[in-house]
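Contents: one structure, followed by commentary.
Per chain, numbering begins at 1; letters A, B, ... match sequence-line order.
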Number of protein chains: 2
Amino acid sequence: MKRKKGSRVTLQDVANHAGVSRATASLIVRNSPNISEGTRNKVLKSIRELGYVYDRVAANLRSQQSTTVGLIITDIANPFYSDLLVGVHNALEENGYTVFLGTTFDSDKKQEKLLSTMLEHRVGGVILCPVSDSSKETIERISHLNIPIVLAVREIKELQCDYVGIDYREGSKLAVEHLIKKGHRRIAFLGGSSESSAWKERKIGYYMALEEAGIDIDESLIIENTVTREGGVHAVTKALLLETPPTAAFCFNDFVARGVMQGLKEAGLVPGEDMAVVGFDNVQETVIYSPPLTTVSSFPRLIGTEAAKLLHERIADQEREQKRIILQPELVVRQST
Amino acid sequence: MKRKKGSRVTLQDVANHAGVSRATASLIVRNSPNISEGTRNKVLKSIRELGYVYDRVAANLRSQQSTTVGLIITDIANPFYSDLLVGVHNALEENGYTVFLGTTFDSDKKQEKLLSTMLEHRVGGVILCPVSDSSKETIERISHLNIPIVLAVREIKELQCDYVGIDYREGSKLAVEHLIKKGHRRIAFLGGSSESSAWKERKIGYYMALEEAGIDIDESLIIENTVTREGGVHAVTKALLLETPPTAAFCFNDFVARGVMQGLKEAGLVPGEDMAVVGFDNVQETVIYSPPLTTVSSFPRLIGTEAAKLLHERIADQEREQKRIILQPELVVRQST
DNA sequence: CTGAAAGCGCTTACAG
DNA sequence: CTGAAAGCGCTTACAG
């Protein structure tokens, strides 16, 4: 029963075919209760025979609702974010939302553009993992946005918003304490950029653990670099050139840690023996690093589901007070330490 | 300049504010050329001052267009698909589309539901990675669908559609020929289900390579199992119990291969020495398997961009003849063989 | 349950 | 460029 291009079957067509009014047909597609079984079945039959598909877009326009939600992440190829996406998806689809996906690749411009596009598409709300250096203008715009928004992973200090993240400070402290317990006293902090809040938080945790153990802080052991494998290679190479090189490395995340291990191997050293290495995030593949990586689990999937829940609540009640959910990280000990 | 909840600024508001007609304002937001600089700037200024956001949904409804596209994949946590997603995204965003994402987890029901939802949201087209056993009803429905659709990764024989995939047969042949060249004559084919077309194609390639080398086919070396790491463990365990176990394994994909390597280790054997292992897909993490995996690259990102291009073409010209794009795989030799 | 009317925010087509 | 009108496919509200 192919239809000609462009001739969409409308609710009116269904009503005519079933011999009822459009209003009645409308009630039926929306599952209204007080409709007799007889007419309901008659209409449902017509729907099937005509191949009618409900036009949610028209319905939403009229009723001023939305059944879509935007999700803006940093990088889909990063398992941390694809896991977060899975969490968001599972939670939102349960509630009948469909998700628009956008990837910023950490570019403020891209983020700006994605937000616009999603607004133009009348999303009911947005879950945003903000880029690390959101511009003043972007922040201004977001704060004037008239729709529910939940921040995830990274916070924007200037913005009063629902937020789901993890306790980077505590996670870093766990990691560094573990290294100290293993007998290390020269512990490097490798990778990441001091501009991002995620880095600052980690540094605080790193400081706290060292101070509590009475270890002096040596700023030369803190080596910034990009949050990539390459960044890890470069950072550890630089660390090895120090007069007294570190015996352990706390890495910004698992990718950096992988680079650090690679850099060690290139220098003829054995990760886990010549230098202990700890990562962050517990990305799936850390299990098969060689050696398997000790890391801090940051539960991206859970971040996703929690963010979705917050958004759902916020959409239901715009006046609800703001919530911050900070998940507690866990140390996962493997062979790299 | 916060607005009250629900009071959306409309094009009419902008027109009033700028002192022009709504028709003129409409032309300007759509970047029509024949408008004088003066009025254009006046209107753009009003847009900024009022914080107007274009309602693409209303516009699309009126003009019977769509600026969204649906992408239905099997599993977002699988790097093969997240890579494909990256390809689709890059290509489609260039053309101004926004993408609705759905994940089937290989369930026919889920697929059915996602298709419905996307249609209801008036997507302009769909890129579908079909589930492995799409039901007759689903196939019926898809074939009666009135919108552009492109299949990717898996083909549905009963369906005349644009398609982008890779040459599984050739890829399998490459892999098995490589093993034969290495001196192996008892080569197992592990994992996957004989129901899927992807499995059948691989088997044909496997047969072809063996036959050309004059090696008799031993059906007991073909061991089906789920397409997971666990499936790989089980399959290889079974293979090792054969009277004359294989000396090499061609695995359905990289995950299965990882399971196979794990199974070998559990049995006290060394992958790459006691048994050669080849995977399929060249998922990123194969580089860090131990040993690094020899595998067949299937270019998921390229599949994504090609599928997006096909869809874009199809949307522009519904009558265009169908295209099938079959990408040629490449063998990537590492230490597991 | 029906029927007629109005409206969501836009585009289209046309006379001026 | 303007202005008035119609329409995309639905929902809403109301009298019967």
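- When the salt bridge (Lys or Arg N to Asp or Glu O under 4.0 Å) test is applied to B/Lys113, no partner is found at least two apart in sequence or on another chain.
- In terms of phosphate contacts, A/Gln64 brings no side-chain nitrogen or oxygen within less than 4.0 Å of OP1 or OP2 of C/dG7.
- Tested against B/Ile127, the residues B/Leu71, B/Leu151, B/Val164 include a single side-chain contact (heavy atoms from CB on, under 4.5 Å) partner, B/Leu71.
- As judged by a 4.0 angstrom heavy-atom cut-off over every strand, A/Val20 is placed among residues touching the sugar-phosphate backbone only.
- Residue pairs satisfying the salt bridge (Lys or Arg N to Asp or Glu O under 4.0 Å) criterion with at least one member in residues 77-89 of chain A, sequence neighbours excluded, are listed as follows: A/Asp83-A/Arg301.
- For A/Ser298, the side chain to side chain donor-acceptor pair (under 3.5 Å) partners are A/Asp281, not counting sequence neighbours.
- The separation between B/Asn16 atom CG and D/dG3 atom C1' is 13 Å, rounded to whole Å.
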Name each donor-acceptor pair under 3.5 Å that joins a side chain in residues 50-59 of chain B to protein atoms two or more places apart or in another chain, with its distance.
unit_1, atom_1, unit_2, atom_2, d
B/Asp55, OD1, A/Arg122, NE, 3.3
B/Asp55, OD1, B/Val57, N, 3.1
B/Asp55, OD1, B/Ala58, N, 3.0
B/Asp55, OD2, A/Arg122, NE, 2.7
B/Asp55, OD2, A/Arg122, NH2, 3.1
B/Arg56, NE, A/Glu120, OE1, 2.8
B/Arg56, NH2, A/Glu120, OE1, 2.3

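- Identified under the ring pair (Phe, Tyr, Trp, His ring centres under 6.0 Å) test for residues 91-129 of chain A, with sequence neighbours left out: A/Tyr97-A/His312, A/Phe100-A/His121, A/Phe100-B/Phe100.
- Every side chain to side chain donor-acceptor pair (under 3.5 Å) that A/Asp108 has, sequence neighbours left out, goes to A/Ser135, A/Thr138.
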Pairing string, 5' to 3', for DNA chain C - Watson-Crick or wobble contacts under 3.5 Å, brackets [ ] where pairs cross, | to another strand: |||.||||||||.|||
Determine, for nucleotides 10-16 of chain C in 5'-to-3' order, which nucleotides have protein heavy atoms under 4.0 Å from the base (write B), from only the sugar-phosphate (write S), or from neither (write -). BBS----
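- Applying the salt bridge (Lys or Arg N to Asp or Glu O under 4.0 Å) test to A/Lys323 and every residue at least two apart in sequence or in another chain returns A/Glu313.
- Among the heavy atoms of the strands, none lies under 4.0 Å from B/Arg40.
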